[in-house]
*Asks:* 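For reference, the structure I am asking about is given below.
What you see is a predicted model; the values in this text were computed from it and never measured. Numbers here simply count residues along the sequence, with the first being 1.
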Amino acid sequence: MTTSVMPQSLNPGNEQAQFWGSASADQPGNYNYAGIKNPVIDALVQQIIRAPNREQLVLRTRVLDRLLRAGYYQIPTYGKGENWFAYWNMYHQPKVKPKLSSGIDYWWSDAGQAQKVTQYLRQK
């Protein structure tokens, strides 16, 4: 058993074969850690890659999700639709972030607030 974060794009494609495809199960360096070898999943991944439009891509990706859940290949450990971060109030982020960003890469420090934090820590 291993823990892993497998981020997905809003447009699933070729990478799905590396995550779930039979061919990648035995190849070093791919992400099919569960060793999934299922011809139905292989066929569905190819359908996802070749989806003719957004509606079909979403539908086929949902079917893949159901197949992966039914196979108990992974144990989901993260269920929140948001990310929580603890930080001192000396840090700021832009109001508009990239769509798939958790925001952790976009920080800057406010010098005035940083001085207040430093003073507070000296009191402890």
Side-chain angles (χ1 to χ4, degrees):
M1 180 184 280
T2 184
T3 59
S4 178
V5 174
M6 299 177 78
Q8 300 287 322
S9 74
L10 294 177
N11 295 303
N14 292 330
E15 74 282 356
Q16 301 306 308
Q18 289 184 306
F19 291 147
W20 323 115
S22 297
S24 68
D26 297 321
Q27 292 176 342
N30 276 322
Y31 300 100
N32 188 346
Y33 300 123
I36 301 168
K37 294 181 181 179
N38 183 319
V40 175
I41 290 176
D42 292 340
L44 185 57
V45 165
Q46 290 307 309
Q47 289 179 7
I48 288 170
I49 293 169
R50 293 176 176 78
N53 55 49
R54 181 75 182 163
E55 181 182 4
Q56 285 297 307
L57 178 64
V58 170
L59 175 68
R60 294 170 185 187
T61 303
R62 287 181 177 163
V63 172
L64 176 61
D65 178 65
R66 297 322 180 270
L67 287 173
L68 294 172
R69 288 182 193 203
Y72 297 102
Y73 300 114
Q74 295 185 340
I75 301 169
T77 57
Y78 304 100
K80 297 193 84 47
E82 57 195 35
N83 296 300
W84 292 2
F85 299 99
Y87 59 92
W88 288 101
N89 65 353
M90 64 186 229
Y91 299 110
H92 297 280
Q93 294 182 299
K95 291 184 184 199
V96 177
K97 297 178 205 113
K99 191 169 190 171
L100 296 178
S101 168
S102 65
I104 200 160
D105 294 329
Y106 306 95
W107 295 92
W108 64 88
S109 176
D110 178 299
Q113 287 297 103
Q115 187 173 8
K116 288 180 185 178
V117 169
T118 301
Q119 289 172 351
Y120 172 79
L121 291 174
R122 286 185 183 149
Q123 294 174 7
K124 295 276 174 182

*Asks:* When you group the ILVMFWY residues by side-chain heavy-atom contacts below 4.5 Å and let the links chain together, are V40 and V45 in the same group?
*Replies:* yes

*Asks:* Report the distance from atom CD1 of I48 to atom CG of L57, rounding to the nearest 0.5 Å.
*Replies:* 7.0 Å

*Asks:* Scan residues 43-57 for pairs that pass salt bridge (charged side-chain N to carboxylate O under 4.0 Å, His left out), counting only residues two or more places apart or in two chains.
*Replies:* none

*Asks:* Looking at OH of Y73 and CG of N32, how far apart are the two atoms once the value is rounded to the nearest 0.5 Å?
*Replies:* 9.0 Å

*Asks:* Between OG of S22 and CD1 of I36, what distance do you get to the nearest 0.5 Å?
*Replies:* 8.5 Å

*Asks:* Is the shortest heavy-atom distance from the side chain of S9 to the side chain of E15 under 4.5 Å?
*Replies:* yes

*Asks:* Counting C-beta onward and ignoring hydrogens, is there a side-chain heavy-atom pair between F19 and Q8 closer than 4.5 Å?
*Replies:* yes

*Asks:* Grab the two heavy atoms, one from A17 and one from S24, that are nearest each other, plus how far apart they are.
*Replies:* O-OG, 3.1 Å

*Asks:* Applying a strict under-4.5 Å side-chain criterion to I, L, V, M, F, W and Y, I'd like to know whether V58 and V63 cluster together.
*Replies:* no

*Asks:* Apply side chain to side chain donor-acceptor pair (under 3.5 Å) to Q56 and N53, showing your working.
*Replies:* CA-CA 6 Å; Q56 285 297 307; N53 55 49; 5.0 Å; no

*Asks:* Does anything in residues 62-73 form a salt bridge (charged side-chain N to carboxylate O under 4.0 Å, His left out)? List the pairs, not counting sequence neighbours.
*Replies:* D65-R69

*Asks:* Other residues, nucleotides and ligands only: do more than 12 of their heavy atoms fall within 6.0 Å of CD on Q115?
*Replies:* no

*Asks:* How many angstroms lie between atom CG of L44 and atom CD of Q16, to the nearest 0.5 angstrom?
*Replies:* 9.5 Å

*Asks:* Rounded to the nearest 0.5 Å, what separates atom OH in Y120 from atom CD in Q113?
*Replies:* 14.0 Å

*Asks:* Under a 3.5 Å cutoff, is there a donor and acceptor pairing between the side chains of Q119 and K116?
*Replies:* no

*Asks:* For the residue pair L68 and I41, establish whether any side-chain heavy-atom pair is separated by less than 4.5 Å.
*Replies:* yes

*Asks:* How would you list all residue pairs meeting salt bridge (charged side-chain N to carboxylate O under 4.0 Å, His left out) that involve residues 22-45, not counting sequence neighbours?
*Replies:* D26-K37

*Asks:* In Å, rounded to the nearest 0.5 Å, how long is the span from CG of L10 to OG1 of T61?
*Replies:* 11.0 Å

